[in-house]
Amino acid sequence: MSDKHEHFVIPLKYYVFTLIALLILTVVTVAVAQVDLGWLNIYIAMFVAMIKAAFVIFFFMGVRWDESFNKIALFGCLLFVLIFFVIVIADVSTRGGVYSSESEMFDIQSPVRPIGEGGHHGDSSHHGESDSYKSSSSSH
Amino acid sequence: MSQSDNSTVAHHFEHAHQQFSAAKLGMWLFIVQEILFFSALFVAYAVYRGLHPEMFIDAHHHLSWKMGGTNTLVLIISSFTMAMSIRAAQLNQRMASFWYLFTTLLCACMFMVIKFFEYAEKIHHGYLPSFWFSGEGVYETMHIFFGIYFTMTGLHGLHVLVGMGLIIWLMIETYKGRYNSEYFTPVEMVGLYWHLVDLIWIFLFPLLYLIG
Amino acid sequence: MSSGTNYINATKGIKSWIFTVDHKRIGIMYLAFVLLAFFLGGMFAILLRLELLTPSALYLTAKQYNQAFTLHGAIMVFLFIVPSIPASLGNFFLPIQLGAIDVAFPKLNLASLWIYVIGAVFCFYSIIGGSVDTGWTFYTPYSSSTDTSVIPMIMGVFILGFSSILTGINFIVTVHKMRAPGLSWFKMPLFIWTLYSTAIIQVLATPVLAITVLLLMLERTIGIGIFDPALGGDPVLFQHFFWFYSHPAVYIMILPAMGVISEVVATFCKKKLFGYELMAYSSMAIAFISFLVWGHHLYVSGQSPYATMLFSLLTFLVGIPSGIKVFNWIATMYTGSIDLKSPFLYFLSFIFLFTIGGFTGVVLGSLSLDIHLHDTYFVVAHFHYVMMGGTVMAFLAGLHYWWPKMFGKMYSEVAARIAFIFVFVGFNMVFFIQFIMGSKGMPRRYYNYLPEFQPYHVVSTIGSWILAVGFFIILGYFIHSLMKGKQAPPNPWGSSAMEWKIASPPTTFNFDENLPYIDHGPYDYPKGNS
Amino acid sequence: MSEQDNITSLVDYGTTWLPGSYSTLSDIVDVQFNAILWLSVFGTIGITLVTLYFCLKYKRTEKNQVAEKQIDHNLTVEVIWTVIPLIIVMVIFYWGFRDYLRLMVAPEDAMEIRVTGEKWRWYFEYPGTDKRPSDDLVVPVGQAVKLVMSSKDVLHSFFIPNFRVKRDVQPNRYSHLWFEATKIGTFQIFCTEYCGAQHSNMQAKLIVMSRNDFEEWKETGEDTETPLPILGKRLYKSKACNACHSIDGSRVIGPTWKNAYGTMRELESGDSVLIDDNYLRESIVYPANKIAKGYPNVMNSYAGLLSDREINALIEYIKTLKE
């Protein structure tokens, strides 16, 4: 029984290395943010954040040496976060949203800016069905 | 878990290892629910960033990346000392574990103090969520950014406060010599929680302070 | 074995219950609270149906009516049906079926019970302090602008959510770490499988509800403007958030019911469950796919047509594992030795009602039909067929099935059969007519309605009285059983399941000496000679 | 519940399950509904019969104390009852999605009408005409009509049962719905998204006219013939004043109109004011200016929605309610 009591002690070098890596990455992400790279900024920032998160998860939290189901629990839940994220964003960005031509026609002031005006959801990026939802009226 | 002084294994477990691995799985599941809890806020962030991209970029200039950056460094160091304190507990180094916990607590306090000054400044300039928003900005919808900012950092700060309470409790217990290489479950569990708090900040920092 | 100390009389005094860590006592207390909630929610239902007897005002004002249907929904969903089977029957039988002394975290288990009670107190406070009138879905911007007591109610929902999450965490860890020696995954009874998949949904989905109601609270108090269009927010985003929890929650409600039904059908047919492994996998499949279909509540909400198409497709997929389960249950009856006792009668009604609920789900899953039927009585009838015809029938089946084990007393079988007839007939009278009403165009949540719909409503209201009589008969003979019931033998149904091998009622540590070694599958029944 | 004498009944017409079908697309919806309905009926009956048959055949008796056979599984059967339902629902999915697109995508030449929902009424505006907002949706028969809808306050949902169309209406956003009526008549419009106390009274009439009648209706100006109190009585219902104001003295949401004129009214501000023509007019056009004590400030302004004559008519009507 006593052998089951032995816990794996994570070698010190992993902790020190992780700390240094995290500090450096923080400096990197701040530095990169000072340069305007347009839409690339957010992706770089998120990429760096994910590397940092991986360091924390694998070494500080010891997932690298953990039981397999604990790993499944953690990464499985990220899958559900991803589902949540992707589907909601997919809906919001393809809604055909506020019908810009109609808001002109009826001269309605809306505090909600149409999705697709500026930002990374280019208006031209979705064709097909959604176009037919936009006003194509010739009656006016 | 109930543990009397002579035994750390509760009645319904067969041996200490079963108890430890059950506690750890439980803690991971708790972390899973925390992640889902925060995920909705990140989804909301993404949706509103998509709706009002210029406003977000404009609004984030009102946040100080220097303060946020310092807080990031502070939290990372606290995460490191937390991990070291678990390691010290595992190696039966009672006082080392205590002082590492103390450093973690100190970092947490520093984080909260910086946060306090940040909040004070925002409030001073009127950058509050909607009903009280009186700040000046280019965009009318800027109160949404600050609504999201206060909700996300506020909930995160609440987690830091809870973590500080837990660390104080651990320090007392450690000082009394409750933990050793055989039994250090609470230190490990609070450690996992504390790393989670760090993880969330790792994402909050670039999203709120560094949008270019 | 039959008499002597058991978990009920092991210790005495009210404190020994309030601070107990025994999963069985916690299960019994949950049962009491959940039944209380059921009768309270049911009372609101009776009030509603009575008001709808006439097309215009009868005895409630419009606002009172709206409060009544909101409270009926909120109480039934958050206080009754979500915790019903897992927290009461599950708490009692999960450790026993696993061959364990207790759940993994007994104190946490106690904590979730009292968190549930605190949450319930908030909900009751909301009833007294102005009665929320938003509908149990709390759609914004109505919920952020109405002047009724929304905050206590959503505070209650928030707290109840954490009770549910903690139970879920506890169950998952218990299933992983506390199985008796020899009990491998595919030797677990299906009740465990369904509780396990339920617990996964609870842990993954409930936090999103918590944050949603928290945001709604912030919306009402400081106006963060995430959901309020007047502040630049998006009300459809609220619906996404809400249904990301509330659709999987439907499966939190129905999956444990399927587990109970599996246990009942195996015991009363003395048969191995047909397609056991497929049943286990389909429970897990339902749990997973349930996270992908929430958008079918948003077909007419202004959701993107692409998302709508995707959700419709996935909605149809989630029906398949449910269908497989129905077929497997029926196949289990084939060549069995069927004992038509009251738990089995509830099984039969479950099959019938759940089938109707399932088929009408197909009708609603179709995009073009849903446009016509959305927010009509058709939807009301559909989810009552699934939730009440499914979950409540299964809950009753489980309650009748496990009653002798839980309390060590038998109940009157004759009274149970009479009550069953009332419940079955009453239920169908209330809700079947609502399908027709709904497809004819009668919108839901209507206080006044077109007089031409009155005959339908009258039938429905009369049905609600018959249903209520049925429930009071059940309450009556269960109380009688507690007072004067015959002593129950350890295994009155001749079941092979683990819980029937120990005393009725069980002793505090379930298994008197060592933990059992389990070397056979869950439904180990003998085969005839022929 | 007013004036429903001439609205086509939902119950009396149509089939047992569905109300009358009077638009170009409602028939295709009905075909699918009936197909799935009969599939369900046969499915349910089949499952029930098999279940009951098993109950009788394998009932526990003296001889049948244990199961005849123990069958774990049968792969063939399991595959069959997985694949066949899968195919059926995929067909239904495709069918539903195809019809959904037809219901959603309006034809190019559709006539646009603007619909506004507010607590608790609908009103309809016709771009390109001088007509005041109308309380009834008036459309020509045989002409595709596209509704551009939005809400002033909370979520509503626009539902015409006879045409099988429904769409949520949101504030600060436009949603669409289209139909082409095939029958002249008057039909029911409901609000189906719960919106507060008078949700169930948020109904409107859909009047389908011949093309000529419609053109004529578009040109007609306002009603100058009807005597003022009678016009006021009509407006009381059609402008949904009755949702919040009673005429029998009972308290609904706003103050009753009975015996109101000529009396003093206490205000939230603590002042009191004489209920005269000016006060009534102000209360219709700027409802938030003087709030009656003890009543919520929930009324929307009717500025622009009522003509001067219509406001006068309402005031005259209120005067007649004095005993």
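Chain naming here is simple, since letters A, B, ... match the order of the sequence lines and numbering starts at 1 in each.
- Looking at F347(C), neither its backbone nor its side chain comes within 4.5 Å of chain D, counting heavy atoms on both sides.
- Contact of L340(C) with chain D is made through the side chain alone, with heavy-atom distances under 4.5 Å.
- Annotation: maximal heavy-atom pairing with chain D below 4.5 Å, among V362(C), V363(C), T355(C), L313(C), occurs at L313(C).
- Heavy-atom distances place both the backbone and the side chain of T82(D) under 4.5 Å from chain C.
- In this structure the side chain of P161(D) reaches within 4.5 angstrom of the side chain of F190(D), judged on heavy atoms.
- Results of the side-chain hydrogen bond (donor to acceptor under 3.5 Å, both in side chains) test with S368(C) over Q32(D), R102(D), R98(D) single out Q32(D) as the only residue that passes.
- Using the six-membered ring where Trp is involved, F42(D) and W38(D) have ring planes that are tilted, between 30° and 60° apart.
- For a residue to count as touching a neighbouring chain, one of its non-hydrogen atoms must lie under 4.5 Å from one of that chain's; by this rule Q239(C) touches chain D with the side chain only.
- Between F179(D) and L25(D), the closest side-chain pair of non-hydrogen atoms is not below 4.5 Å.
- Here NZ of K440(C) is found 7.0 Å from OG of S9(D). Values are rounded to the nearest 0.5 Å.
- Heavy atoms closer than 4.5 Å to chain C are found in both the backbone and the side chain of C55(D).
- For Y299(C), the part lying near chain D is the backbone, with the side chain staying farther off; criterion is any non-hydrogen pair under 4.5 Å.
- Heavy atoms closer than 4.5 Å to chain D are found in both the backbone and the side chain of N328(C).
- A donor-acceptor pair shorter than 3.5 Å can be found between the side chains of S157(D) and D168(D).
- For chain D, the nearby part of T134(C) is the backbone; its heavy atoms alone come within less than 4.5 Å.
- The line from CD of E452(C) to CG of L10(D) is 5.0 Å long, rounded to the nearest 0.5 Å.
- Using a 4.5 Å cut-off between heavy atoms, T308(C) touches chain D through its side chain atoms alone.
- A salt bridge links R164(D) with D30(D): the distance from a Lys NZ or Arg NE/NH1/NH2 to an Asp or Glu carboxylate oxygen falls below 4.0 Å.
- Between the side chain of S246(D) and the backbone N or O of S250(D), at least one donor-acceptor pair lies under 3.5 Å.
- Interface remark: of the candidates V29(D), V50(D), I47(D), L177(D), I47(D) forms the most heavy-atom pairs closer than 4.5 Å to chain C.
- For N162(D), no part lies under 4.5 angstrom from a heavy atom of chain C.
- Only the backbone of F268(C) comes within contact range of chain D, judged by heavy atoms closer than 4.5 Å.
- Contact annotation for L348(C): only side-chain heavy atoms (C-beta onward) come within less than 4.5 Å of a heavy atom of chain D.
- Here D72(D) is the residue among L103(D), D72(D), I36(D), T51(D) with the most heavy-atom pairs under 4.5 Å with chain C.
- Looking at Q170(D), only its side chain comes within 4.5 Å of chain C, counting heavy atoms on both sides.
- If you look at F435(C) and F432(C), their ring centroids are closer than 6.0 Å.
- Under 3.5 Å, the side chains of Q67(C) and T148(C) contain no donor-acceptor pair of N or O atoms.
- With respect to F187(D), the ring pair (Phe, Tyr, Trp, His ring centres under 6.0 Å) criterion is satisfied by exactly one of Y22(D), Y13(D), F159(D): Y22(D).
- Of the two parts of K57(D), neither the backbone nor the side chain holds a non-hydrogen atom closer than 4.5 Å to a non-hydrogen atom of chain C.
- For chain D, the nearby part of P235(C) is the side chain; its heavy atoms alone come within less than 4.5 Å.
- A ring-centre distance under 6.0 Å is not found for Y139(C) and Y194(D).
- Within the 4.5 angstrom heavy-atom criterion, only backbone atoms of R444(C) (N, CA, C, O) approach chain D.
- A heavy-atom distance below 4.5 Å is not found between the side chains of L298(C) and F311(C).
- Proximity of I330(C) to F54(D): side-chain heavy atoms (C-beta onward) are separated by under 4.5 Å at one or more points.
- Judged by distance alone, the side chain of K527(C) and the main-chain N or O of K69(D) form no donor-acceptor pair under 3.5 Å.
- When the candidates T335(C), V300(C), V236(C) are compared by the number of heavy-atom contacts under 4.5 Å with chain D, T335(C) comes out ahead.
- Ring centroids of Y281(C) and F186(C) are separated by less than 6.0 Å, placing the two rings close together.
- D133(C) and T70(C) form no side-chain donor-acceptor contact under 3.5 Å, judged by distance and modelled atom types alone.
- Put simply, of A62(C), S301(C), S312(C), the one with the most heavy-atom pairs under 4.5 Å next to chain D is S301(C).
- Only the backbone of T15(D) comes within contact range of chain C, with heavy atoms under 4.5 Å apart.
- Between chain D and the options E277(C), M333(C), K63(C), Q64(C), heavy-atom pairs under 4.5 Å are most frequent for M333(C).
- Using bins of under 30°, 30° to 60° and over 60° for the plane-to-plane angle, the ring pair F158(D)/W122(D) lands in the perpendicular bin.
- Of the two parts of I351(C), only the side chain, counted from C-beta on, holds a non-hydrogen atom closer than 4.5 Å to a non-hydrogen atom of chain D.
- Residue with the most contacts toward chain D among Y523(C), F359(C), Y446(C): Y446(C) (heavy-atom pairs, distance under 4.5 Å).
- Of all residues in residues 373-382 of chain C, those placing a non-hydrogen atom less than 4.5 angstrom from a non-hydrogen atom of chain D are L373(C), H374(C), D375(C), T376(C), F378(C).
- Interface summary for chain D: among F453(C), Y525(C), Y447(C), Y334(C), the most heavy-atom pairs under 4.5 angstrom belong to Y334(C).
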